[in-house]
Amino acid sequence: MATAAIVSPEIMAKYEPVIGLEVHVQLLTETKAFCGCANKFGAPPNTNVCPVCLGLPGALPVLNERAVEFATLASLALHCQVRERSIFARKNYFYPDLPKGYQISQFDKPLAEHGWIDVPTPNGTKRIGITRLHMEEDAGKSIHDGFSDSATRTYVDLNRCGTPLIEIVSEPDIRTPDEAYEYLTRLKEILLYTAVSDCNMEEGSLRCDANVSVRPRGQEKFGTKAEVKNVNSFRFIRAALEYEIERQIDVIEGGGRVVQETRLWNANEGRTYSMRSKEQAHDYRYFPEPDLPPLIVSSIRRAEIAQQMPELPEARRARMVADYGLTEQDAQTLTATRAFADQFEAAAKTAKSPRRVANLIQSELTSRLKAAGLELEQSPISMKGVAQAADLAEEGKLSSKQLKQLFDIAFEKSEDFPVVYEREKPQQITDASEIEKMIDEVIAANPKQVEQYRGGKKTVAAFFVGQVMKASKGQANPGLLNELVVRKLDS
Ligand code: ADP
Ligand code: ZN
Ligand code: MG
């Protein structure tokens, strides 16, 4: 990536970045926010539309209760205070994909405020404030294509008009691109756990605008911010922020002034471009939506919604560390998605050693998934399969080499572990005398190591176990082998 390294680290260190994120999330409701049209990605253009979402004169919006429920659930998961009475407002602006000429949003009385997300930083956990969470509707989509040699055409697809959104605005509490990345990762995790959105960035169900400014360290007043749009992955947001921070410092160091503007991220070039200057704040002429009554979320309703709250990722990680003796790192991987954590826990409950199940996932499964370019959910080996493999290893019925081979076959043939195990049933040498014969040979061939062992270096036993296992082509019963090696060396 062509991030221009223009500013020296010494100069960079003189400045402190200030970052605030605005995240739009589409809610996973069956129908749109104010009409009965299907809320579905990928339908043929302009097929999921009606007079309400097209903004035809006289059509009246009716609020989708499910959208309110999801928005409230997300607010509570983010520790926000939910307003009993919030107000919808019209945000007026012209754009070809906005036939109504306004978006229904919320302005000075949003659904929820004063929340937070805890994020890990190199100096421990840091709390990032959430200013507000409000409901609004999405606009349509303009599709620009440059097929013809000269003219570029723009098409308008209004299927997305009226899709229910929540916008989550952070406080300007974020200080580094890494913190921004962590904040987004945690936020997405929470939204996925509460199942209010699929958070699919490629399909635009999660979109992030990043506001960033820099100020000389020690100065209290914030610098002028730029807003970076059009960034479609968390990694790119981090890269865009890194670029933008450096650019702004360079401007200031050169005696210039950062202008308030919207900038677009270009992933191919690894830089941002000015899109439009925003010296004067936009005037959206907000006013209360006359066609909708105030939104009331009573304390009873709020409590009902709170009842649906699943165990959230952070709490779940802490519990799994305690329940299964996992490391933080294990717990992190295993709770990457709620479905995956559910599967792991189902397997761990019956497995002889949950710890071993976790280890297997970390050591054998994730590397193979990565190599095959698969997500956890696409793994040919199910959690049940991993649990069975862990049990067999725990009981010494499968050497680690055999286990690796079976995992390889499972990935090659896209079969689950139990299927592969049934068919391949790897041979095991459980005949003690046969194993002893091999041990004798290894002992005879390695007098130096024998001397070390007998001199008190007991860890050398592992060397002999390894050598014999190799000689047996991974087929010696591991439990028996361990026992016999020690007995032989001690005799
Ligand atoms: P605007 O009126 O331009 O929309 P807001 O005050 O509503 O600005 O803030 C939008 C986002 O920008 C919020 O996430 C906020 O935390 C962040 N923000 C505000 N001021 C700054 C600043 N000086 N530097 C960086 N981020 C900022
Ligand atoms: Zn509609
Ligand atoms: Mg604003």
Side-chain angles (χ1 to χ4, degrees), residues 15-24 29-40 43 46-56 58-64 67 78 91 93 99-100 104-108 110 113-117 128-134 136-140 157-164 167-177 179-180 183-184 187 207-216 219-229 237 240-241 244-245 248-249 252 257-263 276-284 286:
Y15 291 87
E16 180 179 54
V18 172
I19 299 164
L21 302 174
E22 296 169 288
V23 177
H24 286 90
T29 52
E30 297 278 321
T31 55
K32 293 186 181 179
F34 302 110
C35 63
C37 291
N39 172 24
K40 213 168 121 231
N46 301 306
T47 53
N48 290 332
V49 290
C50 75
V52 173
C53 54
L54 290 175
L56 301 188
L60 291 173
V62 177
L63 178 60
N64 181 341
L78 297 170
K91 178 180 182 179
Y93 63 94
K100 284 211 296 260
I104 302 179
S105 181
Q106 295 187 308
F107 184 49
D108 54 350
E113 289 169 300
H114 311 304
W116 43 266
I117 296 179
I128 310 292
I130 290 172
T131 314
R132 56 189 273 146
L133 183 156
H134 68 252
E136 60 182 28
E137 60 176 340
D138 213 340
D157 178 4
L158 300 176
N159 280 345
R160 206 175 69 177
C161 281
T163 295
E167 179 175 348
I168 301 150
V169 181
S170 90
E171 289 287 307
D173 288 347
I174 300 166
R175 291 290 172 271
T176 66
E179 284 178 18
Y183 169 88
L184 291 168
L187 174 61
R207 310 194 287 271
C208 174
D209 301 331
N211 300 272
V212 54
S213 63
V214 299
R215 61 181 171 185
Q219 176 184 305
E220 199 169 329
K221 195 167 162 285
F222 288 155
T224 305
K225 71 177 157 73
E227 182 175 7
V228 186
K229 285 185 185 283
I237 287 170
L241 286 169
E244 190 55 25
I245 289 164
Q248 292 183 10
I249 292 173
I252 297 170
R257 196 168 61 86
V258 174
V259 290
Q260 180 163 342
E261 62 182 351
T262 302
R263 298 181 67 88
R276 61 167 181 256
S277 151
K278 203 179 173 186
E279 286 276 23
Q280 285 104 12
H282 255 280
D283 189 356
Y284 292 117
Y286 281 100

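Atoms within each ligand, like the ligands themselves, are counted from 1 in listed order. In what follows, every heavy atom counts, from backbone to side chain, and hydrogens, waters and symmetry copies are set aside.
In this structure, NZ in Lys100 is found 10.5 Å from CG in Leu56, a value given to the nearest 0.5 Å. For the atom pair CD1 of Ile245 and OG of Ser213, the computed distance is 9.0 Å after rounding to the nearest 0.5 Å.
Under 4.0 Å from ligand 1, the heavy atoms of Leu21 that appear belong solely to its backbone.
Among Gly20, Pro172, Pro17, Gly223, the residue whose heavy atom lies closest to atom 23 (N) of ligand 1 is Gly223.
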Residue pair Leu78, Leu187: steps toward the side chain to side chain contact (heavy atoms under 4.5 Å, CB included) verdict: CA-CA 8 Å; Leu78 297 170; Leu187 174 61; 3.8 Å; yes
Trace of the side chain to side chain contact (heavy atoms under 4.5 Å, CB included) decision for Arg263 with Glu227: CA-CA 6 Å; Arg263 298 181 67 88; Glu227 182 175 7; over 6 Å; no
Residues Asn211, Glu22; criterion side chain to side chain contact (heavy atoms under 4.5 Å, CB included); working and verdict: CA-CA 8 Å; Asn211 300 272; Glu22 296 169 288; 3.0 Å; yes
Step-by-step side chain to side chain contact (heavy atoms under 4.5 Å, CB included) determination, Ile19 to Glu179: CA-CA 9 Å; Ile19 299 164; Glu179 284 178 18; over 6 Å; no
Working for salt bridge (Lys or Arg N to Asp or Glu O under 4.0 Å), residues Arg215 and Glu16: CA-CA 5 Å; Arg215 61 181 171 185; Glu16 180 179 54; 2.9 Å; yes
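Residue Val212 has no N or O atom closer than 3.5 Å to an N or O atom of ligand 1. Looking at ligand 1, you'll find an N or O of Lys225 within less than 3.5 Å of one of its N or O atoms. Considering backbone and side-chain atoms together, Glu22 places no N or O closer than 3.5 Å to any N or O of ligand 1.
Below 4.0 Å from some heavy atom of Ser170 lie the following atoms of ligand 1, by number and element: 13 (C), 14 (O), 15 (C), 16 (O). Ligand-side atoms of ligand 1 in range of Val169: 13 (C), 14 (O), range being under 4.0 angstrom from any heavy atom. Listed by atom number, the atoms of ligand 1 under 4.0 Å from Val18 heavy atoms are 24 (N), 25 (C). Close approach of ligand 1 to Phe222 (heavy-atom distance below 4.0 Å) involves ligand atoms 23 (N). Within the listing of ligand 1, atoms 16 (O) sit less than 4.0 angstrom from a heavy atom of Glu171.
Scanning both residues, Pro110 and His134, for their nearest heavy atoms gives CB-CB, 3.7 Å. Closest non-hydrogen pair, Asp209 versus His24, comes out as OD2-CE1, 4.2 Å.
For the Zn ion (ligand 2), protein N/O/S neighbours under 2.8 Å (waters excluded) are Cys35 SG, Cys37 SG, Cys50 SG, Cys53 SG.
Tyr93 and Tyr284 have perpendicular rings, their planes meeting at more than 60° on a 0 to 90° scale where under 30° would count as parallel.
The ring pair (Phe, Tyr, Trp, His ring centres under 6.0 Å) search around Phe34 returns Phe88, not counting sequence neighbours.
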